Every structure is written in C-alpha cells, then in structure tokens.
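Right, one structure below, let's go through it.
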Amino acid sequence: MSLLLGLHPFFFYRPLGVTPRQQLVIRVIAVLLDKTRETKLKLVLTMLGIVIAAIGGVIAYRALFLEPSVGVVITESKIEELPNYTRIAGGLVLLIGGAALAIVMATRRSR
C-alpha cells in the first residue's frame with residue numbers, strides 16, 4: 001500500500017486519450033524515478049527473474065508436450081516415444097532459478 005501512495009496521479013484515474021498501456025508505462029516510470037538505486041535494482045532483478053522463469057516454463061512445457069520426440073523405442077508390444085530430457089532439464093533449471101531470483105529479490109528487505 002505504501003508503494004501506491006507516492007505514485008503519479010495517473011495511477012488512480014485515466015485521462016481521456018491515455019490508453020491502459022500508456023498508463024502502465026507512466027506508473028513504472030513514476031516508481032523508478034521515485035526510488036533509490038538499490039530499490040531500482042531490486043525491481044529490475046525481480047522482473048528479470050519473472051521473465052526467466054516464464055521462459056524456462058515454456059521451454060519445459062514445449063519439450064514435454066508439443067515438440068517432436070528425440071527418440072523412439074520399438075518393442076514387440078508397443079512403440080514408445082522419448083522426450084528430449086536435456087531441454088526439459090534446462091527449462092526446469094531456468095524455471096526454478098528465475099522463480100528463486102524473483103522471490104528473493106521481492107522479499108529482501110533494504111538495509
């Protein structure tokens with residue numbers, strides 16, 4: 001709540017001719033201009049962690065469910081496709097690492 005109090009007046013209402021995207025950009029710029037260098041770094045690292053986690057989740061999901069399989073095992077009773085475990089592991093590492101970065105930066109207190 002304390003973050004909301006020091007924002008630009010555009011936070012609470014939208015003037016005519018200002019799109020929601022422009023209003024969001026105004027909010028982000030107002031927050032970045034109002035904060036110290038350490039807080040700016042925390043904000044940027046939190047956003048970076050969220051983006052990395054999202055990319056990792058997409059890579060892992062695509063490797064598991066959408067992309068063609070890397071190998072096929074043929075036995076007498078069935079044909080089994082093997083997913084690309086390297087891409088799955090890489091995607092999960094990005095997902096966990098990005099989420100950890102975002103959580104640590106978001107919950108860390110300033111000194």
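Throughout, residue positions are numbered sequentially from 1 according to the sequence presented. FYI, side chains are in, hydrogens and waters are out, and symmetry mates aren't considered; it's all heavy atoms of this structure. On a predicted model such as this, the values are computed, not experimentally measured, just so you know.
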Any idea which heavy atoms bring Pro83 and Ile88 closest together, and the distance?
CB-CD1, 3.9 Å

Closest heavy-atom contact between Ile59 and Arg87?
CG2-O, 3.7 Å

Taken to the nearest 0.5 Å, the spacing of Met105 CE from Ile50 CD1 works out to 12.5 Å

Same cluster (ILVMFWY, side-chain, under 4.5 Å), Val44 and Ile55
no

Could you state whether Leu45 and Met47 fall into the same hydrophobic cluster, counting links through intermediate Ile, Leu, Val, Met, Phe, Trp or Tyr residues with side-chain heavy atoms under 4.5 angstrom apart?
no

Between Val72 and Ile79, does the side chain to side chain contact (heavy atoms under 4.5 Å, CB included) criterion hold? Intermediate values first, please.
CA-CA 7 Å; Val72 177; Ile79 298 175; 3.5 Å; yes

CD1 on Ile103 to OG1 on Thr46, rounded to 0.5 Å:
10.5 Å

What's the spacing between Leu64 CG and Asn84 CG if we round to 0.5 Å?
10.0 Å

Any chance you could measure Thr107, atom OG1, to Lys42, atom NZ, to the nearest 0.5 Å?
8.0 Å

With hydrophobic residues grouped by side-chain heavy-atom distances under 4.5 Å, do Val58 and Val51 end up in a single group?
no

Give me the atom names and distance for the closest heavy-atom approach of Leu94 to Ile52.
O-CG2, 3.6 Å

